[in-house]
Amino acid sequence: MTADDATGIIRKANPGAKPSRKNDPEGTRQDILEVATEEFASLGFSGGRVDAIAARTRTTKRMIYYYFGGKEELYLAVLEKVYGDIRAIENRLNLQDLEPETAIRALIDFTFDYQEQHEDFIRLVSIENIHRAEHMKKSKAIANLNITVIDTLARILERGRLAGVFKADIQPIDLHMMISAFCFFRVSNRHTFNLIFHQNLAADDTRSRHKRMIADAIVSLLKTEAVGG
């Protein structure tokens with residue numbers, strides 16, 4: 001099927017839909033992924049509907065299957081994209097050019113802000129955990145994408161130890177989990193936390209306090225001997 005064939009299918013199947021991106025399959029694919037991200041983040045894999053995604057894009061259900069193969073493949077493509085997005089920005093932070101402590105604080109600062117600003121990412125990861133990662137198991141791309149942040153942390157830790165700044169013997173993956181856990185929880189549990197403890201986690205003073213707290217705690221840990229192992 002060519003791009004022109006696809007255009008014909010869209011017009012015949014849904015004459016009232018917006019005009020398609022003629023001869024722009026990548027643009028159409030990105031449109032589908034953007035809407036599918038919102039659909040699956042809101043309703044989960046089981047509740048998300050390809051018909052609803054098609055209705056909100058310049059495509060048809062048939063075209064979505066043409067681009068992605070099926071609902072599960074589309075959902076997996078969404079997961080690959082959201083993980084790819086955060087890892088791509090991390091790679092552009094140029095942390096290797098910063099002093100070790102500054103690099104750690106910059107990574108925490110980015111993770112904190114990014115996860116707060118991308119609730120869809122948090123919801124999708126939570127949903128996939130409900131499914132016990134059964135879909136992610138089928139993706140080699142996600143595993144490869146997430147190696148980069150561990151490698152980045154390993155290099156920062158090594159530079160810090162060589163400079164005598166960091167003394168803790170902590171594994172990069174454990175450090176990544178600690179940073180992610182704090183930042184993730186603030187978003188994933190903010191509604192229940194607010195209801196139970198009457199604390200607005202989105203308030204400016206709370207955000208600033210929490211960001212400073214996690215950064216200071218991690219740096220203090222890294223400067224302490226006989227940790228990890």
Side-chain angles (χ1 to χ4, degrees), residues 1 6 9-10 13 21 25-91 107 110-153 171-192:
M1 182 185 295
I9 290 171
I10 295 170
R21 292 172 176 262
E26 183 56 30
T28 300
R29 190 175 186 278
Q30 292 305 315
D31 283 346
I32 295 169
L33 281 174
E34 181 178 346
V35 173
T37 297
E38 297 174 3
E39 177 78 5
F40 289 129
S42 297
L43 301 173
F45 173 72
S46 301
R49 295 178 55 81
V50 177
D51 285 331
I53 295 168
R56 293 177 55 198
T57 58
R58 304 171 183 181
T59 60
T60 65
K61 184 175 181 178
R62 181 177 173 184
M63 277 304 304
I64 290 174
Y65 288 153
Y66 165 69
Y67 279 110
F68 295 95
K71 179 180 177 180
E72 184 176 21
E73 289 83 357
L74 174 59
Y75 174 72
L76 190 56
V78 166
L79 290 175
E80 291 174 347
K81 182 179 186 303
V82 296
Y83 273 105
D85 287 347
I86 186 172
R87 298 287 91 94
I89 299 174
E90 282 173 349
N91 291 336
L107 181 59
F110 163 74
T111 304
F112 188 101
D113 289 341
Y114 187 92
Q115 296 202 5
E116 185 172 71
Q117 295 163 9
H118 294 80
E119 187 173 2
D120 282 354
F121 172 73
I122 303 298
R123 293 173 64 87
L124 285 163
V125 173
S126 298
I127 288 165
E128 187 57 12
N129 273 285
I130 291 172
H131 289 283
R132 299 184 180 182
E134 64 180 68
H135 304 99
M136 284 178 58
K137 290 174 184 175
K138 302 173 184 178
S139 172
K140 293 181 179 178
I142 290 177
N144 292 333
L145 282 169
N146 288 293
I147 289 173
T148 59
V149 67
I150 305 304
D151 288 344
T152 296
L153 282 170
Q171 298 299 314
I173 195 166
D174 292 339
L175 181 57
H176 172 63
M177 183 175 68
M178 292 179 66
I179 296 170
S180 296
F182 186 92
C183 298
F184 192 99
F185 180 93
R186 291 188 76 263
V187 183
S188 67
N189 290 48
R190 63 184 173 187
H191 300 295
T192 53

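Expressed to the nearest 0.5 Å, how far CZ of Arg123 lies from CD of Glu38 amounts to 11.5 Å. The CD atom of Glu119 lies 9.0 Å from the OG atom of Ser42; values are rounded to the nearest 0.5 Å. In this structure, the separation between CD1 on Ile53 and CG on Leu74 is 5.0 Å, given to the nearest 0.5 Å. In this structure, CG in Leu33 is found 4.0 Å from CZ in Phe68, a value given to the nearest 0.5 Å. To the nearest 0.5 Å, atom CE of residue Met177 and atom CD1 of residue Ile150 are 10.5 Å apart. Taken to the nearest 0.5 Å, the OH atom of Tyr65 stands 11.5 Å off from the OG1 atom of Thr59.
By the 30° and 60° cut-offs, the orientation of the rings of His135 relative to Phe45 is tilted.
Side-chain contact between Asp120 and Val82 is absent, with no heavy-atom pair separated by less than 4.5 Å. Annotation: side chain of Glu90 is not in contact with side chain of Tyr114 (no heavy-atom distance under 4.5 Å).
Between the side chain of Lys81 and the main chain of Gln30, no donor-acceptor pair closer than 3.5 Å is present. Put simply, the side chain of Glu39 gets close to the backbone of Arg49: a donor and an acceptor are under 3.5 Å apart. Using a distance-only test at 3.5 Å, with no hydrogens or angles considered, a donor-acceptor pair links the side chain of Thr148 to the main chain of Leu145.
Heavy atoms only, all atoms of each residue included: Gln115 and Phe121 are closest at NE2-CE2, 4.2 Å. In terms of heavy-atom proximity, Phe184 sits nearest to Ser126 at CZ-OG, 3.4 Å. Closest heavy-atom contact between Gly48 and Lys71: O-NZ, 2.7 Å. In plain terms, the two heavy atoms of Met136 and Leu76 that are nearest each other are CA-CD1, 4.1 Å. Residues Ile127 and Gly44 approach most closely at CD1-CA, 3.6 Å, considering heavy atoms. In terms of heavy atoms, Ala36 sits closest to Val78 at CB-CG2, 3.7 Å.
Counting heavy atoms of neighbouring residues, nucleotides and ligands inside a 6.0 Å radius, atom CD1 of Ile89 exceeds 12 of them.
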Worksheet item: Is there a side-chain contact (heavy atoms from CB on, under 4.5 Å) between Phe110 and Ile86 once you walk through the steps?
Response: CA-CA 10 Å; Phe110 163 74; Ile86 186 172; 3.9 Å; yes

Discussion item. Determine whether Tyr75 and Glu128 satisfy the following criterion, side-chain hydrogen bond (donor to acceptor under 3.5 Å, both in side chains), listing intermediate values before the conclusion.
Written reply: CA-CA 10 Å; Tyr75 174 72; Glu128 187 57 12; 2.8 Å; yes

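A salt bridge is defined here as a Lys NZ or Arg NE, NH1 or NH2 lying under 4.0 Å from an Asp or Glu carboxylate O, and Lys137 with Glu134 fails to meet this definition.
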